[in-house]
Amino acid sequence: MMGQQGINHVLAVHIRTYGCQMNVRDSEAIGALLVRQGYRLTEREDEADVILINTCSVRGKAEDKAVGKLRLMGVEKRERPHLIVGAVGCMVQRIGREALKRIDGLDFAVGTHRLSALPAVIEAIRAGRGPIVDVGEEETEPEALAGHLSGQVLAFVNILLGCDRHCAYCIVPTVRGREWSRPAESIMREIGALAGDGVKEVTLLGQSVMSYGRANVVYPEAHVSRHGFMEALPRLLEEVSGVPGIQRVRFTSGHPSGCTEELARAMGELKGVCDHLHLPVQSGSDRILKAMRRGYTAETYLAAVARLRASVPSLALTSDVIVGFPGETEADFEQTRLLMDAAGFDNAYIFKYSPREGTPAASMVDDVTPDEKMRRNHVLLEDQDRRGLDLNRVLVGKVVEVLTEGPSLRNQDRWAGRTTTSKITIFEPRAAIKAGDTVKVLVERVGPQTLYGSVVGEDGI
Ligand code: SAH
Ligand code: SF4
Ligand code: F3S
């Protein structure tokens with residue numbers, strides 16, 4: 001298969017990813033698939049034979065970034081005529097053939113449902129049969145995308161594909177299709193293999209992950225688990241946390257309607273399930289929540305939080321918020337500030353509303369000015385920094401357990417890992433520590449999102 005550049009030349013693929021954890025996971029799966037076909041992966045753009053850009057569509061800016069990058073790569077082809085440039089993912093699924101018009105030099109565009117066709121597509125391009133656009137709706141062999149790259153401490157595992165919620169602002173249901181839950185058995189097979197490969201922590205992924213098992217059957221028979229769970233997600237959490245070698249389990253993203261008593265109990269009782277949940281709130285104003293079609297009010301959101309905290313007192317909560325949704329007034333915005341305080345978020349991602357063509361919100365008037373969106377964005381970020389710092393300060397002088405991930409990105413002399421509450425923790429390494437070890441760290445100082453300290457013990461010390 002390795003024609004053109006000579007028989008011994010192994011083609012190098014560089015993959016760059018925009019967007020959410022689901023895209024990160026897709027990129028890894030594509031990488032693993034291509035490695036199985038005889039390609040190698042490279043971090044370096046300049047030595048790549050194939051450059052793949054995995055695109056996100058969630059906000060206008062996310063698309064602009066990916067298009068900008070792809071155009072640059074298209075220009076690069078003038079110097080490197082054999083270079084193959086392809087776009088995959090959510091934006092491709094949304095715009096289809098239009099991608100070829102927008103991006104000069106693009107060899108192929110493959111949508112979210114067709115990723116397993118990539119090896120064949122690349123082969124066809126190499127044989128001169130391009131450009132190719134494949135955005136079919138019919139899923140190509142989801143199990144072909146269950147592979148992982150080896151040597152990792154953390155892994156993402158898809159449990160729920162697509163989304164049926166249709167929040168008024170959101171493009172995800174359009175680009176990711178209908179909700180579909182993977183059968184528990186195939187998820188467990190994937191996680192068993194990961195454990196065998198040394199993975200210590202898995203994050204179960206779904207856009208609205210608590211809908212797991214709702215649209216289709218995931219367990220062949222009704223059954224009460226050892227812990228007495230009957231709902232699909234608690235059952236799965238119980239199974240995953242029982243896999244030898246898997247020390248931690250996370251799942252994301254949550255929705256208040258899925259925060260049942262049983263799920264709260266699972267989070268409290270199952271030792272491996274982390275004390276952290278990402279529970280996007282989007283707004284604290286009931287009027288805006290209704291216009292967003294989120295399906296809860298500020299009160300029911302806080303009731304869900306209370307249910308979880310009753311079972312997991314040390315729970316850390318993170319969230320997403322949109323500022324400047326159509327019609328959002330100053331009073332609505334103040335409600336959001338209040339709710340963020342009441343919920344006590346450890347961290348929050350703030351987004352400026354961006355109309356997405358074809359969504360219900362796109363036909364509403366985008367009446368909050370860009371300057372005002374920017375201002376609201378800043379206010380919430382400042383609030384969050386203060387809140388994050390206050391919550392972290394109580395940890396100074398305490399010992400936290402950290403799963404080490406490797407050298408810190410900012411300063412290679414230090415190491416980084418996370419607590420069960422998902423706080424990034426930076427510490428001075430000791431000689432014998434390796435990625436994947438669990439260490440005890442004495443917290444000496446904190447920032448709004450980070451803990452700093454020194455190692456006082458290892459696994460069980
Ligand atoms: N499935 C996840 C979110 C996926 S998108 C969930 O529902 O929790 C990640 C975040 O992007 C959303 O939570 C929302 O805050 C933000 N977002 C989505 N569409 C947006 C839009 N049109 N404009 C601005 N932010 C948006
Ligand atoms: Fe989008 Fe809502 Fe689905 Fe999240 S739950 S992906 S915000 S439609
Ligand atoms: Fe973006 Fe697609 Fe994720 S639109 S947020 S990469 S599901």
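Atoms within a ligand are numbered from 1 in the order they appear, just like the ligands themselves.
Counted by atom type alone, Ser285 and Ser283 present zero donor-acceptor pairs between their side chains at under 3.5 Å. Side chains of His227 and Glu269: a donor on one and an acceptor on the other come within 3.5 Å. A donor and an acceptor atom, one from each side chain of Ser257 and Arg165, are located under 3.5 Å apart.
The closest approach between a heavy atom of His278 and any atom of ligand 1 is not below 4.0 Å.
Ligand 2 places these atoms under 4.0 Å from at least one heavy atom of Arg294: 2 (Fe), 7 (S). If you number the atoms of ligand 1 from 1 as listed, the ones under 4.0 Å from a heavy atom of Ser253 come out as 2 (C), 6 (C), 8 (O).
Side-chain atoms of Arg178 do not come within 3.5 Å of backbone N or O of Asp164 as any donor-acceptor pair. No side-chain donor-acceptor contact under 3.5 Å links His14 to the backbone of Ile51. A donor-acceptor pair is defined here as one N or O able to donate and one able to accept, closer than 3.5 Å; such a pair exists between the side chain of Lys373 and the backbone of Tyr353. Between the side chain of Thr425 and the backbone N or O of Val402, no donor-acceptor pair lies under 3.5 Å. The backbone N or O of Thr55 lies less than 3.5 Å from a partner atom in the side chain of Asn23, making a donor-acceptor pair. When atom types are taken as modelled, the side chain of Ser354 and the backbone of Arg59 share no donor-acceptor pair closer than 3.5 angstrom. Looking at Arg80, its side chain does come within 3.5 Å of a backbone N or O of Ala48 through a donor-acceptor pair.
Counting only heavy atoms of the protein, atom 13 (O) of ligand 1 lies nearest to Asp320 OD2, 2.6 Å. Scanning the protein heavy atoms around atom 24 (C) of ligand 1, the nearest turns out to be Lys352 O, 3.3 Å. Ranking protein heavy atoms by distance to atom 22 (N) of ligand 1, first place goes to Ser354 O, 2.8 Å. For atom 7 (S) of ligand 2, the closest non-hydrogen atom on the protein side is Tyr169 OH, 3.4 Å. Nearest protein heavy-atom contact of atom 8 (O) of ligand 1 is Pro280 CG, 3.0 Å. Of all protein heavy atoms, the one closest to atom 14 (C) of ligand 1 is Gln282 OE1, 3.4 Å.
At a heavy-atom cutoff of 4.0 Å, ligand 1 is contacted by both the backbone and the side chain of Tyr169. The proximity of Val58 to ligand 1, defined as any non-hydrogen pair under 4.0 Å, involves the side chain as well as the backbone. The proximity of Arg165 to ligand 1, defined as any non-hydrogen pair under 4.0 Å, does not occur for either the backbone or the side chain.
In summary, the aromatic rings of His278 and Phe251 are positioned with their centroids too far apart to meet the 6.0 Å limit.
Between Phe156 and Arg25, the shortest heavy-atom contact is O-CD, 3.1 Å.
Taking distances strictly below 2.8 Å, the protein N/O/S atoms close to atom 3 (Fe) of ligand 2 are Cys163 SG.
Remark: Glu372 engages Arg375, Arg376 in a side chain to side chain donor-acceptor pair (under 3.5 Å) (not counting sequence neighbours). Residues passing the side chain to side chain contact (heavy atoms under 4.5 Å, CB included) test with Leu389, sequence neighbours excluded: Arg393, Val446, Pro448.
In this structure, Arg235 forms a cation-pi arrangement with Tyr219, its terminal cationic atom sitting closer than 6.0 Å to the ring centre and no more than 45° off the ring axis.
Which of Arg59, Arg356, Gln207 comes nearest to atom 26 (C) of ligand 1 through a heavy atom is settled by distance: it is Arg59.
Each protein N, O or S atom less than 2.8 Å from atom 3 (Fe) of ligand 3 was counted, giving 1.
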